[in-house]
4 protein chains.
Amino acid sequence: MSQPHMPPAHPFDDDKLKEECGIFGIVGVTDAANFVALGLHALQHRGQEAGGIVVHHPEHGFNSARRFGYVRDNFTSQSVMETLPGPIAIGHVRYSTAGSKGATAIRDVQPFFGELSMGGVALAHNGNITNANALRRELIERGSIFQSSSDSECIIHLMARSMGRSIPDRVEEALRKVEGAFSVVAMTRTKLIGVRDPLGVRPLVLGKLGEAWVLSSETCALDIIGAEFIREIAPGEMVVISEKTGVESHFPFRPQKPRFCIFEHVYFSRPDSIIGGRSVYETRRQIGVELAREAPVEADLVCPVPDSGTPAAIGFAHESGIPYGMGIVRNQYVGRTFIEPTEQIRNMGVRLKLNVNRALIKGKRVILVDDSVVRGTTSRKIKEMILDAGAKEVHFRIASPPTAWPCFYGVDTPQRDKLLAATMSEDEMRDHLGVDSLKFISLNGLYRAAGEASGRNDAHPQYCDACFSGEYPVRPADMLEQGFQMKAAE
Amino acid sequence: MSQPHMPPAHPFDDDKLKEECGIFGIVGVTDAANFVALGLHALQHRGQEAGGIVVHHPEHGFNSARRFGYVRDNFTSQSVMETLPGPIAIGHVRYSTAGSKGATAIRDVQPFFGELSMGGVALAHNGNITNANALRRELIERGSIFQSSSDSECIIHLMARSMGRSIPDRVEEALRKVEGAFSVVAMTRTKLIGVRDPLGVRPLVLGKLGEAWVLSSETCALDIIGAEFIREIAPGEMVVISEKTGVESHFPFRPQKPRFCIFEHVYFSRPDSIIGGRSVYETRRQIGVELAREAPVEADLVCPVPDSGTPAAIGFAHESGIPYGMGIVRNQYVGRTFIEPTEQIRNMGVRLKLNVNRALIKGKRVILVDDSVVRGTTSRKIKEMILDAGAKEVHFRIASPPTAWPCFYGVDTPQRDKLLAATMSEDEMRDHLGVDSLKFISLNGLYRAAGEASGRNDAHPQYCDACFSGEYPVRPADMLEQGFQMKAAE
Amino acid sequence: MSQPHMPPAHPFDDDKLKEECGIFGIVGVTDAANFVALGLHALQHRGQEAGGIVVHHPEHGFNSARRFGYVRDNFTSQSVMETLPGPIAIGHVRYSTAGSKGATAIRDVQPFFGELSMGGVALAHNGNITNANALRRELIERGSIFQSSSDSECIIHLMARSMGRSIPDRVEEALRKVEGAFSVVAMTRTKLIGVRDPLGVRPLVLGKLGEAWVLSSETCALDIIGAEFIREIAPGEMVVISEKTGVESHFPFRPQKPRFCIFEHVYFSRPDSIIGGRSVYETRRQIGVELAREAPVEADLVCPVPDSGTPAAIGFAHESGIPYGMGIVRNQYVGRTFIEPTEQIRNMGVRLKLNVNRALIKGKRVILVDDSVVRGTTSRKIKEMILDAGAKEVHFRIASPPTAWPCFYGVDTPQRDKLLAATMSEDEMRDHLGVDSLKFISLNGLYRAAGEASGRNDAHPQYCDACFSGEYPVRPADMLEQGFQMKAAE
Amino acid sequence: MSQPHMPPAHPFDDDKLKEECGIFGIVGVTDAANFVALGLHALQHRGQEAGGIVVHHPEHGFNSARRFGYVRDNFTSQSVMETLPGPIAIGHVRYSTAGSKGATAIRDVQPFFGELSMGGVALAHNGNITNANALRRELIERGSIFQSSSDSECIIHLMARSMGRSIPDRVEEALRKVEGAFSVVAMTRTKLIGVRDPLGVRPLVLGKLGEAWVLSSETCALDIIGAEFIREIAPGEMVVISEKTGVESHFPFRPQKPRFCIFEHVYFSRPDSIIGGRSVYETRRQIGVELAREAPVEADLVCPVPDSGTPAAIGFAHESGIPYGMGIVRNQYVGRTFIEPTEQIRNMGVRLKLNVNRALIKGKRVILVDDSVVRGTTSRKIKEMILDAGAKEVHFRIASPPTAWPCFYGVDTPQRDKLLAATMSEDEMRDHLGVDSLKFISLNGLYRAAGEASGRNDAHPQYCDACFSGEYPVRPADMLEQGFQMKAAE
């Protein structure tokens with residue numbers, strides 16, 4: 001306990017949107033926690049600050065471990081894993097959110113656990129509850145004691161106060177009071193439960209490994225344990241799984257048209273995951289193809305900003321016929337922040353993670369393909385490094401539309417006035433970044449790349465694209481209370 | 001987080017009763033947590049497994065730290081203490097209790113904290129709630145989520161559900177539902193609260209340091225910070241203290257005749273503390289005097305079993321005229337358990353902590369003065385070491401009556417059938433230990449030494465002496481439910 | 001000290017050759033150790049087990065820190081770095097070698113330090129001394145006390161016994177007694193010294209940062225601190241650098257034809273480094289081009305084995321016209337080894353690091369481009385994963401010739417009989433791996449890719465290629481003593 | 001390795017002389033290191049900063065562990081101890097000395113190890129080499145590389161350069177070149193070696209445990225493992241012990257009249273140890289008796305300054321007839337230094353460790369018995385606490401003569417001008433401390449208490465008492481070189 005919490009540094013911390021969570025559960029294996037550890041390792045890109053595992057064993061009851069840092073550093077030692085015995089377990093990886101700084105932060109690490117009158121329940125949540133503040137006030141007024149600053153804890157208190165006879169009944173009752181985006185994995189002593197909100201904003205998939213059943217945010221975590229991908233949990237669906245009864249499914253919420261998060265395709269999910277029957281890699285590659293059609297430019301080299309720009313860069317190069325090359329090399333040992341030397345090192349933060357391949361860049365007209373521009377700070381630094389290395393021209397091609405609105409559904413975005421695209425036009429951004437050209441893919445182009453051949457249905461958009469369009473499919477009640485201004489109706 | 005919890009080994013772990021808690025609070029200084037750390041350090045003998053501090057700062061709000069291990073190892077670094085700013089703080093040191101093994105144990109470390117509708121409250125408890133099981137069941141039934149296995153957590157949930165308008169009102173209301181022994185220190189953003197149960201089983205004292213007010217289990221913790229000892233909190237008294245209003249006192253419970261724990265005099269409290277207007281050292285020394293009168297024996301040397309037998313040994317030597325000497329030397333670097341070598345080392349556990357002063361013991365008739373005999377295991381080992389060193393005779397004189405009944409008021413005692421005195425007469429114990437004589441002080445002698453000139457008032461005993469007499473002043477409801485057999489009425 | 005040494009796991013531990021060291025030094029900045037930490041971070045790929053830094057400060061003298069684990073985890077905290085003040089420093093990253101298991105291993109971490117009669121000297125070595133055993137025996141016989149099991153320590157003992165008047169003189173004298181491959185960075189209180197062996201087997205470059213001078217194994221470590229690349233230290237050259245006098249160069253050894261390690265181009269060096277005036281990336285890309293010409297095959301997808309196969313795959317795809325794609329995705333959070341679940345997970349080790357992009361692979365004829373085949377164990381597992389994902393055909397193209405001989409010049413290679421290519425022909429390897437085709441680049445093709453237009457000069461090879469050819473430019477004396485059989489003369 | 005070295009705080013750090021080392025060795029048991037750990041634990045009072053163990057196993061060779069901190073914290077875990085297999089081991093505990101601050105300090109922790117041409121040797125030293133500077137210079141000149149700042153390392157380099165055929169021969173030859181005080185324990189693969197300097201300044205005893213042989217600084221470490229005390233190693237004796245041959249003894253040095261350190265009796269050794277056939281406890285008790293005769297005073301209470309003043313206080317009380325009592329209570333959880341609160345706490349450092357038993361002290365004339373006065377800083381603080389508690393008079397009685405000269409034979413003493421007795425008379429000290437009376441035992445009284453019935457033989461003193469008398473039995477060559485002024489001949 002005495003080891004201070006020192007979260008690892010992430011590349012471009014201030015210049016990427018960050019998915020807040022990955023969730024994983026399994027029932028029906030001898031040592032469920034080991035599988036959860038592997039699954040969370042594969043989902044680490046969805047949350048790198050902390051992780052937790054809860055397990056149940058017929059004799060040893062519920063046990064849990066919650067740690068700051070990477071899964072690989074916390075859930076690999078015999079001494080930790082042997083405290084987590086049993087055939088059923090769930091786990092969670094997370095980013096920090098605004099409320100959780102300081103000495104109590106480990107309490108915010110999920111899964112949450114509660115002893116209800118019919119037995120214990122653990123729950124892990126990916127998404128964001130948009131009416132959490134109101135719920136929390138009401139629950140405290142009635143005597144609930146919150147242990148964390150997390151909005152997700154509301155769910156378990158709603159369950160504790162429910163009159164439902166079984167834990168699945170109480171999960172259902174609690175989630176009906178909750179607004180926003182949620183994919184939830186929960187467990188009792190014998191049952192694994194999975195739920196997606198009616199819009200299906202966040203992903204959740206079902207897998208099978210021998211006789212065991214698996215729930216996971218993404219299919220890449222099925223692959224790591226060799227599980228078979230069965231299907232996605234449907235928007236609004238709730239599954240209750242046990243070794244005995246297998247998978248029981250029902251749909252407890254009022255049905256709505258699905259609005260899956262399109263940014264999962266652009267950046268959050270791993271390229272080797274399958275979403276909506278479609279390879280994330282293929283969508284990203286296709287974005288590059290669309291970009292090359294929408295915004296061609298004469299150049300000598302197509303170069304990805306590693307690693308997330310790579311598939312789109314491959315697509316762009318293929319479509320344009322311009323050679324593809326590694327103009328920027330990533331340092332694979334990225335980690336904590338070094339002490340900055342007193343002599344000035346320009347762009348030191350970026351240099352720790354990236355280096356320019358000078359010999360390749362020199363004298364060339366370079367197209368840099370990146371996944372998104374948030375604040376633009378990193379883009380500027382990369383541009384400088386490329387020019388310092390002797391590039392003749394620098395053209396940015398961005399694999400998403402301008403990010404002009406914050407996300408309230410489980411993604412950590414800066415406040416609106418910190419988003420470059422909220423305050424500048426594309427041309428202003430180009431000048432601000434100091435590049436020869438800057439082009440974002442169009443919203444329609446993005447929808448096409450994601451498989452919607454005729455583009456976005458503006459009347460009933462097929463995805464949640466609030467971060468690009470400002471059209472929020474669920475009213476962000478807490479944020480409106482705090483003064484957030486919605487986009488004026490046109 | 002990755003450092004496994006390895007509680008330090010205590011001398012004679014299996015052969016002493018263990019006080020379960022020490023509590024301390026202060027309001028009105030710049031850096032309250034530093035004072036609490038010092039106070040807890042002075043109270044470390046009351047609980048060595050873990051400690052916690054909660055603090056409030058007008059700007060930084062509530063913060064807390066809870067750690068396994070000694071205060072000196074956890075609350076001395078700048079990096080920890082600077083996370084605990086503010087002018088008001090409370091703290092707690094504890095032993096582990098039966099329920100708290102495994103991965104969730106850090107959750108059992110007090111003070112407990114809850115965010116109520118009128119603001120946060122933290123609470124630390126010394127004692128034991130004898131109807132905790134029933135309360136817990138009822139609270140869970142109604143939707144409370146317990147975070148710990150501690151009986152003390154009931155208090156804070158009772159507070160959360162109270163309709164009281166202020167936190168002090170809610171403390172009062174909660175404690176009226178609670179049975180058993182409790183000294184409580186609690187805090188709000190501005191108020192320090194102290195309460196003792198109507199019998200006053202556990203100690204709690206009030207001190208003053210300049211303009212600041214202090215609450216502490218014992219006066220020795222006032223001394224370490226240079227605070228003045230004002231008075232004891234009276235049995236059944238509740239004090240609410242703030243910088244502005246000073247100390248407000250009232251008596252919310254139905255009055256009862258006080259029954260302070262007499263074992264605090266015998267062993268739990270530090271010899272330099274003042275209890276009931278009386279020096280603990282002096283009481284212990286006087287026990288030795290009484291013992292010398294009640295159970296004299298011809299011998300060459302009076303020798304304390306260090307360190308707790310020392311004052312009684314001094315009294316015994318003085319009264320008997322037999323020279324006092326250090327026949328047993330304590331290793332002051334006692335700590336974790338060493339790996340036992342494969343060649344057998346007899347009594348290795350004891351040897352790590354004690355060594356016989358062979359040159360002094362050899363050929364002598366030795367009187368060993370110890371504070372108590374619980375299981376008798378250590379007494380046997382010490383006797384063997386003394387005989388191995390060449391003593392001619394070994395006489396045990398015990399500074400307490402036979403411990404024949406478990407305590408249910410905040411002391412960790414073995415089950416009744418593990419108590420030597422529950423199953424053997426004095427003579428049988430003497431033979432079991434293999435010593436030349438064994439004498440315990442009488443219950444009347446103990447009362448006299450504690451200042452009751454005419455001994456125990458059997459109709460209305462002045463102290464709680466249930467561990468000796470089997471007369472429990474509060475019905476141990478939870479234990480009866482679990483099958484404990486009370487002493488048959490005579 | 002009490003933290004046990006737990007070296008991070010490396011991808012494909014058993015199936016790659018491992019460079020044993022990276023070295024870095026700087027003189028003339030305010031806080032030299034911070035620069036060395038950055039430089040070593042950029043050189044981390046050359047040695048991931050441990051790192052060390054020695055620094056000198058006019059007032060505080062010599063200080064050092066040696067740690068197991070990554071630079072980013074050890075040399076980033078204020079508390080460590082503030083113990084390393086001063087304007088001159090050198091550092092070292094390393095792999096473990098056979099001799100250094102067990103409790104004394106930290107002593108093997110360089111730089112080594114010795115107090116000589118004219119002052120202290122620290123020294124870091126990349127390479128391997130082929131007559132170390134004989135030197136060590138002789139030095140011990142005469143009274144030297146070795147602190148490590150490292151061959152490099154001989155150098156500092158030879159210096160201690162030298163009659164040379166200055167430390168540079170002694171470095172020179174010591175290195176003249178040493179056989180094998182060495183690039184050395186050393187420092188006195190004011191001087192930075194760099195030396196390369198006469199063959200120039202291992203790299204060493206000179207850089208400049210303002211008024212400060214830098215020595216580094218590779219240019220990528222100059223880039224990270226923004227230093228300018230001045231030139232390579234020449235084979236057989238010794239430079240002595242001080243703030244006052246700048247760089248003084250001479251050539252103390254008998255001149256020989258250079259034989260730079262060609263495997264540095266293939267795998268060891270970072271793609272963004274410049275070696276011999278040539279971009280490593282470009283050489284690797286060109287290897288892919290040569291491979292596509294030498295060993296074409298009809299297929300649907302060219303797919304690199306990440307990350308080291310990427311540049312050659314890009315070249316292969318470009319030359320062949322077959323689309324390039326990320327058929328294998330790397331998990332960027334690779335780390336320690338997880339506990340293997342009891343249910344069998346096939347190829348678990350590989351799955352932790354790599355996942356197949358199933359949607360892309362399915363139904364395709366896939367060309368996998370990898371840098372080398374050592375034992376072949378990983379290649380087999382990757383092939384299985386690709387086939388499981390539904391590939392129609394799998395063709396391996398390897399960016400180096402068959403590795404049939406161990407390296408004795410500072411690279412950790414398995415014993416000869418563990419090298420797949422030492423016991424099998426290309427066709428046998430193809431069958432052993434179970435792939436549709438397997439082709440290695442020819443030695444001539446490799447030389448051409450490295451810029452030797454007419455290929456290998458078999459009479460006087462331009463590079464050391466002993467691992468491919470069995471032609472050792474320096475007699476491996478210690479190994480011959482231990483029974484190693486050289487290739488029979490033809 | 002990343003755990004910073006944080007030495008535990010010691011009571012009265014600045015106001016006690018500190019023994020610098022304890023040594024222990026054993027041969028002939030299955031798991032020698034476990035025994036050494038226990039022995040060092042019993043010798044912890046001789047050195048609390050760090051400890052080390054070296055062990056040899058026929059298969060696993062030599063292994064070692066060196067750690068900062070207490071033996072109980074470092075050599076008790078399975079993970080450490082299982083790296084130390086084998087039937088022969090030696091160990092060392094130490095204080096830090098002036099030269100060893102900073103990043104290289106772990107290198108100063110003994111035992112030292114060297115690989116000689118005939119095999120490895122480890123060596124641990126208690127004492128001080130008074131010609132170490134000259135030896136060191138000469139050895140470096142000839143090519144030895146020192147790894148530590150310790151004077152003891154000279155011995156092992158002298159051994160490495162010796163032409164002796166066996167390790168025992170080389171130990172002997174090396175020690176003949178060394179001046180000063182030394183008790184040495186060394187080991188080869190099969191032999192345990194013990195040596196005392198010709199004056200026998202530092203202790204060393206021989207014990208037997210079944211078939212195994214033990215060497216130890218004090219007998220208390222024999223007791224902890226249940227070994228039998230055989231005899232002291234004689235001044236000037238060297239013993240070579242193996243399982244096969246048993247104990248072989250010879251006397252390699254020119255014989256001298258022994259001069260054992262008398263301060264071992266006063267303070268360094270544990271009271272339960274036997275030195276020179278005499279119980280340390282008994283000598284200390286007798287010092288109290290002599291003090292009561294030499295310096296009687298009318299008073300109400302004799303009170304030891306815990307813990308080292310206790311035996312003399314018992315003797316003083318017994319002889320004077322004045323009651324003995326615990327006027328000062330020691331906090332047994334003393335440890336690291338707490339953060340000092342901003343409000344001033346007077347004498348905080350002392351309060352962490354000691355508290356006054358106010359009820360006992362109040363209104364009394366108190367005699368405080370302490371072992372020594374070095375700087376006088378602690379004595380002043382204790383006096384203040386006693387007066388604050390309401391004592392009527394405070395009389396100090398000191399169980400040693402005034403400490404007026406530094407020790408150069410293995411004890412950490414302040415520079416001469418920091419010693420209170422070097423600059424003040426007894427009366428001046430009394431006034432400086434502000435007590436009613438202050439008396440030191442006379443040198444003759446001390447000798448009598450130590451068993452020399454007719455006191456000190458001034459022509460041929462029986463002990464080394466340089467710290468009191470300024471008569472140094474070995475010329476302190478290094479210190480004279482650094483400007484130390486010896487006492488003028490009278």
Side-chain angles (χ1 to χ4, degrees), chain A residues 29-31 34-35 37-38 41-42 44-45 48 70-73 75-76 78 81 209-210 212 220 223-226 270-272 274 278-279 281-282 285 307 310-311 314 318 323-326 329 331-343 345-346 351-352 355-360, chain C residues 29-31 34-35 37-38 41-42 44-45 48 70-73 75-76 78 81 209-210 212 220 223-226 270-272 274 278-279 281-282 285 307 310-311 314 318 323-326 329 331-343 345-346 351-352 355-360:
Chain A
V29 285
T30 309
D31 45 359
N34 288 345
F35 287 91
L38 287 165
H41 175 62
Q44 188 80 76
H45 60 289
Q48 293 157 34
Y70 289 139
V71 175
R72 68 168 191 224
D73 294 330
F75 297 100
T76 45
Q78 195 74 43
M81 298 313 287
L209 175 70
C220 65
D223 294 341
I224 202 171
I225 62 166
R270 253 176 52 173
D272 47 338
I274 307 290
R278 200 173 164 76
S279 152
Y281 173 85
E282 185 49 31
R285 194 187 157 285
D307 287 342
T310 302
I314 291 171
H318 188 264
Y324 171 88
M326 289 170 63
V329 174
N331 182 338
Q332 57 179 308
Y333 304 99
V334 166
R336 300 167 193 245
T337 300
F338 284 74
I339 294 170
E340 192 144 353
T342 38
E343 339 282 294
I345 294 189
R346 282 216 313 163
R351 283 177 194 278
L352 292 177
N355 192 19
V356 173
N357 187 346
R358 300 169 155 270
L360 181 61
Chain C
V29 286
T30 308
D31 45 358
N34 288 344
F35 287 91
L38 289 165
H41 174 62
Q44 188 81 76
H45 59 289
Q48 293 156 35
Y70 289 140
V71 175
R72 68 169 192 225
D73 294 330
F75 298 99
T76 46
Q78 196 73 42
M81 297 313 287
L209 175 70
C220 64
D223 294 341
I224 202 172
I225 61 167
R270 253 175 54 173
D272 48 337
I274 306 290
R278 200 174 164 76
S279 151
Y281 173 84
E282 185 49 31
R285 194 188 158 284
D307 288 343
T310 301
I314 291 172
H318 189 264
Y324 171 88
M326 289 169 65
V329 173
N331 183 338
Q332 56 180 310
Y333 304 100
V334 168
R336 302 171 190 241
T337 300
F338 284 74
I339 294 168
E340 193 145 351
T342 39
E343 339 281 296
I345 294 189
R346 282 214 314 163
R351 283 176 194 280
L352 293 177
N355 193 19
V356 173
N357 187 346
R358 301 171 153 269
L360 181 61

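Closest approach of C/Tyr281 and A/Gly325 over heavy atoms only: OH-CA, 3.3 Å. For the residue pair A/Ala37 and C/Phe338, the shortest heavy atom distance occurs at O-CE2, 3.6 Å. Minimum interatomic distance between A/Asp31 and C/Glu340 (heavy atoms only, all atoms of both residues): OD2-O, 4.4 Å.
Annotation: A/Tyr324 is in aromatic contact with C/Tyr324 [ring centroid separation under 6.0 Å]. In this structure, A/Tyr333 has its ring center at least 6.0 angstrom away from the ring center of C/His41.
To the nearest 0.5 Å, the span separating CE on C/Met326 from CZ on A/Arg285 amounts to 12.5 Å. One distance of note links OG1 of C/Thr76 with CG of A/Leu352; it measures 10.0 Å at 0.5 Å rounding.
With A/Arg351 contributing its side chain and C/Ile225 its backbone, the two residues share no donor-acceptor pair below 3.5 Å.
Of the residues considered (A/Leu360, A/Val71, A/Asn355), A/Asn355 shows the highest number of contacts with chain C, using heavy-atom pairs under 4.5 Å. The candidate from C/Thr310, C/Asp307, C/Asp223, C/Thr30 with the greatest count of non-hydrogen atom pairs under 4.5 Å with chain A is C/Asp223. Of all the listed residues (C/Gly226, C/Ser279, C/Pro341), the one sharing the greatest number of non-hydrogen pairs under 4.5 Å with chain A is C/Pro341.
In this structure, the portions of A/Ile224 lying under 4.5 Å from any heavy atom of chain C include both its backbone and its side chain. With a 4.5 Å cut-off on non-hydrogen atoms, A/Gln78 touches chain C through its backbone and its side chain both. Heavy-atom distances place the backbone of A/Val356, and not its side chain, under 4.5 Å from chain C. With a threshold of 4.5 angstrom between heavy atoms, A/Arg270 approaches chain C through side-chain atoms but not through N, CA, C or O. For a residue to count as touching a neighbouring chain, one of its non-hydrogen atoms must lie under 4.5 Å from one of that chain's; by this rule C/Ile314 touches chain A with the side chain only. In this structure, chain C has a heavy atom under 4.5 Å from the side chain of A/Ile274, while its backbone stays farther away.
For A/Asn357 and C/Asp272, the side-chain atoms include no donor-acceptor pair closer than 3.5 Å.
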